[in-house]
Amino acid sequence: MNDTIELCREISDSADIGKLVLARLIRSSRDASFRSVMADMFAGYHAILTEAKQIISAFDAADGGASMAQKQPILLGLRLNAAIDSSPSHLADMLIQGCTMSLINVARAQNEYTRADERAVSLAKRIRKADEENIRQLLKFV
């Protein structure tokens, strides 16, 4: 097992799920300022996902992002929650929970894969910083 690949896979999974959720919510939100914040988040996750995949491919390893087994429960919960309440406040709350999960998962991976190279560690720091900033932005809508 290569720590760099494994750390980047966790980063890739988090960014991939973030993009998936944001893509769905951007289409369904009617609040322009909230959509703008989500679009910025989407772009950030896209850049991180692209870089994680580049690092992984440099090792000739495969990465398809998050699996359908990871995505399906999230999408089901998203649909149900959005059907109950699609207000920016509720959607922001859901996104904050997702960002928090990403922070935890990436921190756990950093603690587990301590021999990852500097590029992977730097990317892990970048996604954690992005998630923290996303939470700060989203709190304005709660």
Side-chain angles (χ1 to χ4, degrees), residues 1-29 31-83 85-142:
M1 168 175 39
N2 182 309
D3 283 11
T4 298
I5 293 170
E6 295 306 318
L7 179 56
C8 286
R9 282 184 175 147
E10 183 59 50
I11 294 165
S12 172
D13 288 355
S14 288
D16 189 32
I17 290 169
K19 281 183 60 180
L20 176 72
V21 168
L22 287 162
R24 303 277 164 108
L25 293 180
I26 289 168
R27 287 193 303 259
S28 67
S29 178
D31 184 305
S33 63
F34 187 56
R35 277 196 320 267
S36 176
V37 168
M38 290 190 294
D40 289 344
M41 291 172 61
F42 183 94
Y45 285 134
H46 179 75
I48 290 167
L49 177 63
T50 299
E51 189 169 339
K53 287 184 174 202
Q54 287 172 348
I55 294 169
I56 293 166
S57 69
F59 287 90
D60 290 328
D63 178 63
S67 69
M68 281 311 291
Q70 290 171 296
K71 291 177 182 179
Q72 291 218 317
I74 292 167
L75 291 174
L76 178 60
L78 179 66
R79 268 185 244 130
L80 289 174
N81 269 292
D85 183 356
S86 62
S87 69
S89 175
H90 184 69
L91 298 180
D93 185 21
M94 290 174 18
L95 288 169
I96 289 168
Q97 290 177 36
C99 289
T100 301
M101 289 294 296
S102 174
L103 279 166
I104 292 167
N105 291 341
V106 173
R108 185 175 291 131
Q110 278 185 282
N111 291 335
E112 184 175 349
Y113 303 117
T114 57
R115 294 180 299 172
D117 70 22
E118 182 54 39
R119 191 169 170 204
V121 171
S122 176
L123 189 58
K125 289 177 184 175
R126 196 165 120 215
I127 193 170
R128 289 176 64 183
K129 184 177 178 180
D131 282 328
E132 290 168 359
E133 180 57 29
N134 291 341
I135 290 170
R136 275 191 283 286
Q137 292 294 317
L138 291 165
L139 284 171
K140 297 173 186 174
F141 294 93
V142 176

(request) Output yes when Glu132 and Lys129 qualify as a salt bridge under the 4.0 Å nitrogen-oxygen rule, no when they do not. (result)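 Answer for the salt bridge query: no.
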
To the nearest 0.5 angstrom, please state how far the [atom1] atom of [X] sits from the [atom2] atom of [Y].
{"X": "Ser89", "Y": "Phe34", "atom1": "OG", "atom2": "CZ", "result": "9.0 Å"}
{"X": "Leu138", "Y": "Ile96", "atom1": "CG", "atom2": "CD1", "result": "5.0 Å"}
{"X": "Ile135", "Y": "Thr100", "atom1": "CD1", "atom2": "OG1", "result": "4.0 Å"}
{"X": "Phe42", "Y": "Leu20", "atom1": "CZ", "atom2": "CG", "result": "9.0 Å"}
{"X": "Tyr113", "Y": "Ile5", "atom1": "OH", "atom2": "CD1", "result": "11.0 Å"}
{"X": "Leu123", "Y": "Gln54", "atom1": "CG", "atom2": "CD", "result": "10.0 Å"}

What are the two closest heavy atoms between [X] and [Y], and how far apart are they?
{"X": "Asp131", "Y": "Ser102", "answer": "OD2-OG, 2.6 Å"}
{"X": "Val121", "Y": "Ala116", "answer": "CG2-O, 3.8 Å"}
{"X": "Arg35", "Y": "Ile26", "answer": "CD-O, 3.2 Å"}
{"X": "Leu7", "Y": "Ala109", "answer": "CD1-CB, 3.7 Å"}
{"X": "Ile127", "Y": "Ala15", "answer": "CD1-N, 4.1 Å"}
{"X": "Ile11", "Y": "Ala120", "answer": "CD1-O, 3.8 Å"}

Check whether [X] reaches the backbone of [Y] with its side chain - one donor and one acceptor, N or O, closer than 3.5 Å.
{"X": "Asp16", "Y": "Ser12", "answer": "no"}
{"X": "Ser28", "Y": "Leu25", "answer": "yes"}
{"X": "Thr50", "Y": "His46", "answer": "yes"}
{"X": "Ser57", "Y": "Lys53", "answer": "yes"}

(request) Report, as yes or no, whether the 6.0 Å neighbourhood of atom CE on Met101 holds more than 12 heavy atoms from other residues, nucleotides or ligands. (result)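 Counting other residues, nucleotides and ligands, CE of Met101 stays at 12 neighbours or fewer.
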
(message) Would you say that more than 12 heavy atoms from the other residues, nucleotides or ligands in this model lie under 6.0 Å from the NE2 of His90, or not?
(response) yes

(request) Tell me, with the steps shown, if Gln137 and Met41 meet side-chain contact (heavy atoms from CB on, under 4.5 Å). (result) CA-CA 10 Å; Gln137 292 294 317; Met41 291 172 61; 6.0 Å; no

(request) For side-chain contact (heavy atoms from CB on, under 4.5 Å), just list the numbers for Gln110 and Arg128, CA-CA rounded to whole Å, side-chain angles, deciding distance to a tenth of an Å, and then say yes or no. (result) CA-CA 11 Å; Gln110 278 185 282; Arg128 289 176 64 183; 2.5 Å; yes

(request) Please lay out, stage by stage, how Asp31 and Ser29 fare under the test side chain to side chain donor-acceptor pair (under 3.5 Å). (result) CA-CA 6 Å; Asp31 184 305; Ser29 178; 5.7 Å; no

(message) Apply side-chain contact (heavy atoms from CB on, under 4.5 Å) to residues Val37 and Phe141 and explain how you reach the verdict.
(response) CA-CA 10 Å; Val37 168; Phe141 294 93; 3.8 Å; yes

(request) Run the numbers on Asn105 and Ser14 for side chain to side chain donor-acceptor pair (under 3.5 Å), then give the verdict. (result) CA-CA 8 Å; Asn105 291 341; Ser14 288; 4.8 Å; no

(request) Decide yes or no on side-chain contact (heavy atoms from CB on, under 4.5 Å) for Leu91 and Met38, but give the supporting numbers first. (result) CA-CA 10 Å; Leu91 298 180; Met38 290 190 294; 5.6 Å; no

